[in-house]
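Order of appearance sets the numbers: ligands from 1, and atoms from 1 within every ligand. Numbers here are sequence positions counted from 1.
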Amino acid sequence: MDLALLTSTLEELGEPRYRAGQIWRWASRGAPGFDAMTDVPVALRGRLEQSVPFSSLTVEQEAHARDGTIKALFRTHDGRPVEAVLMRYPAPRGSRERGSRVVGRRSLCVSSQSGCPLTCTFCATGKMRFGRNLTASEIIDRALHFRRATGPVDHAVFMGMGEPLMNLDGVLGACERLPDIGITHRRTAISTVGWIPGIERLADTPMPLRLALSLHAADPALRSQLMPVNDRYPLPDVLDACRAYYERKRRKVFVEYVMLAGVNDAHPQAAALAQILDPSIYKVNLIPFNPTESQFQGSSPKAIEAFKAELERHGITATVRLTRGRDIDAACGQLAARAQSMNPAPEGLRELVARP
Ligand code: SAH
């Protein structure tokens, strides 16, 4: 919902100032439409229905993976495909009760741009045309979609397509609203290629957001090959900015490292990674590669475990990311990249494994 449009519409209609907050409270708690807002006058609900779209996005497709992951493809008002993934995890032992149901973490993965101006060579989004920055409403409306469809959502990661720190206005605008939906700043992570001006601006906000850095190679030449942005913002400078972020926020920075067979997964590369990371600042998350149309192949589970062990031997905490939603192309940009390449006929979507 476009809150600026809502506010200006209410003003034009001569409504009291508290109305916008009242309506947003309903929306952020999962109301399906204006009509459900029972303490808003009926006539006003009708007027709003005509002048304020309940969502800035229309849902085009939804795919359900066998592991409970849901991926949705939306269109913006100007026809751009954007996606979002909801990862639902089993309730941990001793977990909290929500009403009569016990639920585990529900994490939203959301994109910040349509396409991406960066060209990481292993990433499906990097091959798409860059469209534009998404607005705060276009980000928030995906959280609201899942809030309405499946109940509370408690984590968010900006790890969908695009570079969030190149769209800080949209991303920070959304982050300010996410707690109303149930996603606190501490449970919101922003992943970046290492866009230094963005890291600095993020450090200046009062929000204790989690920073995640896509590192992928400690060696400068290899990193530049995988992520050409490394030529503009070289890794040593990026690590300085991350240290400054840590010092301001006192929140560990998560390093993302996508495991590419025979490219960045050898033992000496783990040792080199450990060498440049201060264990008091960084935690490493090893990401199994989700195959895209590229020359790359994912490392074997054995190679990933060996890499992890080598990091740990050097005192670095490392985890391996659980791969989720593989049967529905849940990796960054995969669904929207297809939707763009086949625009306007969404043929490839029929291949998705849709659960009845
Ligand atoms: N631009 C931001 C956020 C988007 S991608 C960034 O780069 O951090 C989120 C993470 O997914 C990044 O670490 C990215 O490198 C990784 N990624 C992209 N394509 C992938 C793929 N096919 N398999 C596994 N991880 C991938």
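Taking all heavy atoms of G194, A124, S111, S214 into account, the minimum distance to atom 6 (C) of ligand 1 is reached by S214. Of the listed options F254, F122, Y257, F122 places a heavy atom closest to atom 16 (C) of ligand 1. The nearest non-hydrogen atom to atom 18 (C) of ligand 1, considering only C123, G160, S294, C120, comes from C123. Checking E163, M159, E256, H216 against atom 14 (C) of ligand 1, the nearest heavy atom belongs to H216.
In this structure, OG in S28 is found 8.0 Å from CZ in R147, a value given to the nearest 0.5 Å. Atoms CG and OH, from L277 and Y282 in turn, are 6.5 Å apart once rounded to the nearest 0.5 Å. Residue H216 holds its NE2 atom at 7.5 Å from CZ of R223, rounded to the nearest 0.5 Å. Rounded to the nearest 0.5 Å, atoms OH (Y257) and CG (N264) are 4.0 Å apart. The CZ atom of F54 sits 10.0 Å away from atom CG of L6, with the distance rounded to the nearest 0.5 Å.
Contact check on K302 versus D265 returns no salt bridge, with no Lys/Arg side-chain nitrogen under 4.0 Å from an Asp/Glu carboxylate oxygen.
Atoms of ligand 1 lying under 4.0 Å from any heavy atom of T192, numbered from 1 in the order shown and given with element: 6 (C), 8 (O). Counting atoms of ligand 1 from 1 in the listed order, those under 4.0 Å from a heavy atom of V258 are 24 (C), 25 (N). Atoms of ligand 1 found under 4.0 Å from any heavy atom of P288 (numbered from 1 in listed order, with element): 24 (C).
At least one heavy atom of G162 sits closer than 4.0 Å to an atom of ligand 1. Taking 4.0 Å as the cut-off, A212 does not count as a neighbour of ligand 1 on heavy-atom distance.
With a heavy-atom cut-off of 4.0 Å, P291 does not touch ligand 1 at all. In T292, the part holding a heavy atom less than 4.0 Å from any atom of ligand 1 is the side chain.
For the residue pair R25 and Q22, no side-chain donor N or O sits within less than 3.5 Å of a side-chain acceptor on the partner.
Considering all non-hydrogen atoms of both residues, V171 and S112 come closest at CG2-CB, 3.7 Å.
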